[in-house]
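Structure, as structure tokens:
Numbered from 1 within each chain, the chains take letters A, B, ... in sequence-line order. A quick note: this is a predicted structure, and the numbers were derived from the prediction, not measured.
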Amino acid sequence: MLALINPKTIRKDPEGVKAKLKTRGVDPAEVEEYLKLDEANRNAIGQVEGYRKQKNELTEVISKSKDKRDPEIQAKIKQVKQLNADIKTADEAQKELAAKWRYIAIRLPNLPDDSLPVGPDEDADVEERLWGDKPEFDFKPKAHWEIGEALGILDFDRAAKVSGARFVYYKDAGARLERALYNFMLDLHTQEQGYHEIIPPYLVTAKTMFGTGQFPKFTEDVYTVEATGMTLIPTAEVPLTNYYSGEILDEKDLPTYFTALTPSFRSEAGSAGRDTRGLIRMHQFNKVEMVKFSKPEDSYKELEKMTLDAQEVLKRLGLAHHVIVLSTGDTGFSSAKTYDLEVWMPEQNRYREISSCSNCLDFQARRAMIRYRKADGSVDYVHTLNGSGVAVGRTVAAILENYQQADGTIKVPDALIPYMGGQTVIK
RNA sequence: GGAGAGUUGGCAGAGUGGUAAUGCACCGGACUCGAAAUCCGGCGAACCGGCUUAUACCGGCGCGCAAGUUCGAAUCUUGUACUCUCCUCCA
């Protein structure tokens, strides 16, 4: 029976948990109900186990008897039959309690870290640090989709014809720019930052989606193939983190880092009307993802490092950005602490999210059963982290807007020139 | 899609109705200056409950999973998942 938040934490400090989850929008009554069911369930388990113990004792005697017809043995058999009925009743009652408990348990979000700003939404996010100078233009900067369409490297109209809204065709230098970007990112992560390069499955089972916390709460945000129940991954975090699901790792193998380029598929239910133009909010987009498995005591250190790894992508591309720490209400379901990287978008005159780095502590590890054996032989859950390193489509958008020139051409960032076959300008 | 086989503790591998052999590994001890070998003993995943400082102790569960038959199931029945092999098909 798996949980989300460590059940012992909730038992030990119910008021603290209530207070913390309240900052994430969870009604304390939910926690109250959880505790009630938790206790009732444990009592029920005790009862069932008591019956089972009696039964085991009786059947042991029966098994050792020579003569099953002995009236004494027959009496014991009768007793066991009665016990079986008792067990059935008690067991069904217990299962029901467990199911109710579980229903709540798997829907409670992770406990936020104490360092988070408290607040209901993104307005309470706090800027941690700033990098780079915003570009200055002696003309009015255009939106990336205008630039891309004018150059013939992005085609939203034809994509709409073929697939509907929120899809795009990249063409010529646009396609090459996308490819250059993700190759650049993958090389950085694998050659310099120590990540294993992975190409994972893009279709996963419901159980896998549960492991990373997308299910059962967020089924409406993804595409699930009706015939098989398989889901198109909304992020590579899902297949990467579940890589070790159900396994017990060796302490010496931690930490370990994975990275992968994959498409991400999102239904964007509920975001109608937002970012309807351009590359910002697509049903399908490429993303280079980073995932880490770490020992509990190292996970926050690893989060800082991972955030810097993502930042390094933007630094080398010369893209102005800042790092913000998400407030309690803005932090994702599975995460205890999340840093977002937001890149400067000149036409919109604001920062836009381009990466999100999260420490999920043991929240996902509990769901996906990812553990490690310590030197003393005991077993504990690992901590999992994930971060974008970074969203490729949005990076294309950022480059088009930040590197646009008065004549409508695009200067290729120095770091990308080798990946563009030496091309320095897109025109 | 069709047919067949398999799924037991870290690994190997027994066990066709009576409550998980054995080997290797591992842990403790003996022997030794120490180690190896040997000998003795122990331990057989993980999980849950009770009691808790506890990886100690007691109990439950536990032979892919689920349900059924039975006083009792790794063993019988049914369903299901996954893996492998062959056929068919296909990038």
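Taking atom P in both B:C84 and B:A46, the straight-line distance is 28 Å, to the nearest Å. For B:A14 and B:A74, the C1' atoms lie 12 Å apart once the distance is rounded to whole Å. Taking atom P on both nucleotides, B:G59 is separated from B:A20 by 14 Å, rounded to a whole Å. Using P as the reference atom, B:G28 and B:G62 are 32 Å apart when rounded to the nearest Å. With both ends at atom C1', the span from B:U52 to B:A67 equals 37 Å, rounded to whole Å. Rounded to the nearest Å, the gap between the C1' atom of B:C71 and that of B:U19 is 13 Å. B:G64 and B:A5 are spaced 15 Å apart, taking the C1' atom of each and rounding to whole Å. Of the C1' atoms belonging to B:A37 and B:U7, the separation is 38 Å, rounded to the nearest Å.
In this structure, the OH atom of A:Tyr51 is 16 Å from the C1' atom of B:G59, given to the nearest Å. Distance A:Gln47 CD to B:G50 C1': 14 Å, rounded to the nearest Å. The distance from atom CE of A:Met230 to atom P of B:A81 is 13 Å, rounded to the nearest whole Å. At whole-Å resolution of the value, CG in A:Asp91 and C1' in B:A67 are 13 Å apart. Note: NZ (A:Lys95) to C1' (B:A67) measures 11 Å, nearest angstrom. In this structure, A:Tyr372 atom OH and B:A46 atom P are separated by 15 Å, rounded to whole Å. To the nearest angstrom, P of B:G49 lies 10 Å from CD of A:Gln94. The distance between atom NZ of A:Lys78 and atom C1' of B:C71, rounded to the nearest whole Å, is 13 Å.
By the side chain to side chain contact (heavy atoms under 4.5 Å, CB included) test, A:Asn43 is found to be paired with A:Glu39, residues two or more places apart in sequence or in another chain being considered. Scanning for ring pair (Phe, Tyr, Trp, His ring centres under 6.0 Å) contacts around A:Tyr51 gives an empty result, with sequence neighbours left out. Residues satisfying the side chain to side chain contact (heavy atoms under 4.5 Å, CB included) test with A:Asp250, not counting sequence neighbours, are A:Lys252, A:Asp253. Residues satisfying the ring pair (Phe, Tyr, Trp, His ring centres under 6.0 Å) test with A:Tyr381, not counting sequence neighbours, are none. With sequence neighbours excluded, the residues that form a side chain to side chain contact (heavy atoms under 4.5 Å, CB included) with A:Arg316 are A:Phe184, A:Leu188, A:Glu192, A:Glu312, A:Ala415. For A:Leu58, the side chain to side chain contact (heavy atoms under 4.5 Å, CB included) partners are A:Lys76, A:Gln79, A:Val80, A:Leu83, not counting sequence neighbours. For the salt bridge (Lys or Arg N to Asp or Glu O under 4.0 Å) test, no residue two or more places apart in sequence or in another chain qualifies with A:Asp121.
Checked against the 6.0 Å centroid criterion, the rings of A:Phe265 and A:Tyr202 do not qualify as a close aromatic pair.
If A:Leu58 and A:Arg371 are placed on RNA chain B by their nearest nucleotide, the residue sitting closer to the 5' end is A:Leu58. For the pair A:Lys76 and A:Tyr381, nearest-nucleotide mapping onto RNA chain B gives the more 5' position to A:Tyr381.
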Using nucleotides 61-63 of chain B, report all nitrogen or oxygen pairs with the protein that are shorter than 3.5 Å.
| residue | atom | partner | partner atom | Å |
| --- | --- | --- | --- | --- |
| B:C61 | OP2 | A:Asn56 | ND2 | 3.2 |

Residues A:His189, A:Thr259; criterion side chain to side chain donor-acceptor pair (under 3.5 Å); working and verdict: CA-CA 7 Å; A:His189 297 320; A:Thr259 188; 4.8 Å; no
Determine, step by step, whether A:Glu237 and A:Thr212 satisfy the side chain to side chain donor-acceptor pair (under 3.5 Å) criterion, reporting the C-alpha distance in whole Å, the side-chain angles of both residues, the deciding distance to 0.1 Å, and the verdict. CA-CA 8 Å; A:Glu237 167 198 343; A:Thr212 26; 5.1 Å; no
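A salt bridge links A:Glu33 with A:Lys36: the closest approach of a Lys/Arg side-chain nitrogen to an acidic carboxylate oxygen falls below 4.0 angstrom.
Counting only residues at least two apart or on different chains, the ring-ring contact (aromatic ring centres under 6.0 Å, His included) pairs with a member in residues 149-169 of chain A are A:Phe167-A:His283.
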Between side-chain atoms of residues 109-116 of chain A and protein atoms elsewhere (two or more places apart, or another chain), which donor-acceptor pairs fall under 3.5 Å?
| residue | atom | partner | partner atom | Å |
| --- | --- | --- | --- | --- |
| A:Asn110 | ND2 | A:Ser334 | O | 3.0 |
| A:Asn110 | ND2 | A:Cys360 | O | 3.1 |
| A:Asp113 | OD1 | A:Tyr300 | OH | 3.1 |
| A:Asp113 | OD2 | A:Ser115 | N | 3.2 |
| A:Asp113 | OD2 | A:Ser115 | OG | 2.6 |
| A:Asp114 | OD1 | A:Lys20 | NZ | 3.0 |
| A:Ser115 | OG | A:Lys337 | NZ | 2.8 |

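Residue A:Ile45 is classed as a sugar-phosphate contact, given heavy-atom separations below 4.0 Å to backbone atoms only. Residue-level contact check: A:Lys55 touches the backbone only, with heavy atoms under 4.0 Å from sugar-phosphate atoms and none from bases.
Listed nucleotides: B:C71, B:G49, B:G59. Nearest to the side chain of A:Arg42: B:G49. For A:Arg11, counting side-chain heavy atoms from C-beta on, the closest listed nucleotide (B:G60, B:G49, B:G18) is B:G49.
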So what's the dot-bracket for RNA chain B: Watson-Crick or G-U pairs under 3.5 Å, [ ] if a pair crosses, | if it pairs off-strand? ((((((((.[[[..)..(...]]].(((((.......)))))....((((......))))...[[[[[..)....]]]]])))))))....
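Within residues 79-90 of chain A, the residues having any heavy atom closer than 4.0 Å to RNA chain B are, in order of number, A:Val80, A:Lys81, A:Asn84.
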